Amino acid sequence: MIDAVVFDMDGVIVDSEQVWDDVREQLARERGGRWHDGAQAAMMGMSSPEWSAYMHEEIGLPESPAEINAEVVERMLERYRERLPLIDGAVDAVRRLAPEFRLGVASSSNRPLIETVLERAGVAELFDAVVSSEEVARGKPAPDVYLEAMRRLGAEPATTAAIEDSSNGIRAAHAGCMRVIALPNAHYPPASDALGLADAVIASPDELTPALVRDLPDSG
């Protein structure tokens, strides 16, 4: 029986992947980097140390990874202050699940971005554990951020569900031996092999109900 649910944030609660794409591409072009069409897909799920290193080494930005990370985060915060691109139905889904399950967030976003989104969405108090990939050794598709979220929740993988939108996120949750509900990102759809790892696939947060979570198949 599932007793805890861990949400990814980007692509599940907030429609931010294109914002990340715009911000990083703009910075790369301003600084003379070698931006390419596959860059955003390559960085999806990476922790901030990983994607900032990628932008330094692969995209060719001259600044250090730490400087790149700080600049991107500040630009993302500016975007969120202007308009928070919440996914339709996501906040209602969180509120539906909160009375019945312990809730957590396991996100590749930096902690200031996670806190800003949850607070502005009015759901921060509903989550018992919030973990950023910058707080663990490896980003998605490694399971580290999910394992830490479950540790903080006091939850076991066999009784925890993850809500994910991307290939790397689905793989991370599956590697953590959780049940996985996939909410495919329309702009960056998960690969078919990753989607095949999910225990349930939904088209909208409106389908994310306590009954769906309770009916997920048992592990093994």
Side-chain angles (χ1 to χ4, degrees), residues 1-14 16-17 20 40-54 65 69 90 93-94 97 101-111 113-115 117-118 126-185 188-202 205 208 212-220:
M1 176 70 73
I2 301 297
D3 57 22
V5 177
V6 182
F7 284 77
D8 177 35
M9 188 181 79
D10 295 283
V12 172
I13 295 174
V14 65
S16 56
E17 298 295 0
W20 279 103
Q40 172 63 5
M43 287 186 279
M44 284 181 71
M46 286 186 181
S47 66
S48 57
E50 291 168 341
W51 62 250
S52 56
Y54 180 93
N69 177 64
V94 171
L97 298 190
F101 307 97
R102 288 171 289 157
L103 300 186
V105 170
S107 173
S108 299
S109 277
N110 304 67
R111 179 163 282 276
L113 296 174
I114 301 171
E115 292 175 351
V117 168
L118 298 183
L126 300 180
F127 290 97
D128 296 313
V130 174
V131 186
S132 164
S133 289
E134 64 185 347
E135 300 170 39
V136 297
R138 301 171 297 171
K140 302 171 185 178
D144 301 28
V145 68
Y146 277 110
L147 296 176
E148 178 61 15
M150 287 188 285
R151 186 190 70 80
R152 295 185 192 183
L153 284 171
E156 296 296 328
T159 56
T160 305
I163 318 298
E164 267 291 355
D165 70 299
S166 68
S167 293
N168 282 345
I170 294 168
R171 292 185 178 114
H174 181 76
C177 299
M178 309 164 76
R179 309 282 69 72
V180 186
I181 299 172
L183 175 59
N185 189 299
Y188 305 95
S192 57
D193 64 319
L195 198 59
L197 300 174
D199 297 283
V201 180
I202 59 177
L208 186 52
L212 173 73
V213 175
R214 286 194 300 267
D215 289 344
L216 290 171
D218 292 334
S219 60

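The shown structure was predicted, so the numbers you read here are calculated from the model rather than taken from an experiment. When a residue number appears, it is its place in the shown sequence, counting from 1.
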Flag for Ser16-Asp10: side-chain donor and acceptor within less than 3.5 Å: yes

Side-chain heavy atoms of Glu134 within contact of Pro49, under 4.5 Å: yes

Side-chain H-bond candidate by donor/acceptor type, Glu50 with Ser47, under 3.5 Å: yes

Nearest-0.5 Å distance that lies between atom CG in Asp165 and atom CD1 in Ile13: 10.5 Å

From CD (Glu164) to CG (Leu183), nearest 0.5 Å: 10.0 Å

Minimum heavy-atom distance between Ala149 and Val105, given as atom pair plus value: CB-O, 4.3 Å

Salt-bridge criterion met for Asp144 and Arg151 (N-O under 4.0 Å): no

Least distance between heavy atoms, Pro190 atom then Pro184 atom: CD-CB, 3.7 Å

Side chain Gln40, main chain Trp20, donor-acceptor under 3.5 Å: no

Pair Asn185-Ser166, side-chain contact (heavy atoms from CB on, under 4.5 Å): steps then yes or no: CA-CA 6 Å; Asn185 189 299; Ser166 68; 5.8 Å; no

Flag side-chain contact, heavy atom, 4.5 Å: Tyr146 against Asp8: yes

Between CE on residue Met1 and CZ on residue Arg214, distance to nearest 0.5 Å: 7.5 Å

side-chain contact (heavy atoms from CB on, under 4.5 Å) between Leu208 and Phe7, intermediate numbers included: CA-CA 11 Å; Leu208 186 52; Phe7 284 77; 3.8 Å; yes

Donor-acceptor under 3.5 Å (Arg179 side chain, Leu216 main chain): no

Distance in Å, Leu147 CG paired with Cys177 SG, rounded so as to fall on 0.5 Å steps: 8.5 Å

CD1-CD1 distance between Ile170 and Ile163, expressed to the nearest 0.5 angstrom: 11.0 Å

Asn110 (side chain) donor-acceptor with Leu113 (main chain) under 3.5 angstrom: no

Val145 versus Ser132, closest heavy-atom pair with distance: CG2-C, 4.0 Å

4.5 Å side-chain heavy-atom contact, Arg138 and Pro143: yes

Side-chain donor/acceptor of Asn168 to backbone N/O of Met44, under 3.5 Å: yes

Non-hydrogen atoms of Pro205 and Ala93 that approach each other most closely: O-CB, 3.7 Å

Met150 vs Val131, side-chain contact (heavy atoms from CB on, under 4.5 Å): CA-CA, chis, key distance, verdict: CA-CA 10 Å; Met150 287 188 285; Val131 186; over 6 Å; no

Exam field: side chain Ser167 to backbone Ala191, donor-acceptor pair closer than 3.5 Å: yes

Ile2 versus Phe101, closest heavy-atom pair with distance: O-CE2, 3.4 Å

Spacing of Met46 atom CE and Ser52 atom OG [to the nearest 0.5 Å]: 10.0 Å

Audit row: Val180, Leu197, side-chain contact (heavy atoms from CB on, under 4.5 Å) steps and yes/no: CA-CA 8 Å; Val180 186; Leu197 300 174; over 6 Å; no

Arg152 side chain to Val130 backbone, donor-acceptor under 3.5 Å: yes

Note: Arg111-Glu135 ion pair, threshold 4.0 Å (strictly below): yes

For Met178 against Ala162, the heavy-atom pair lying closest together: CE-CB, 3.7 Å

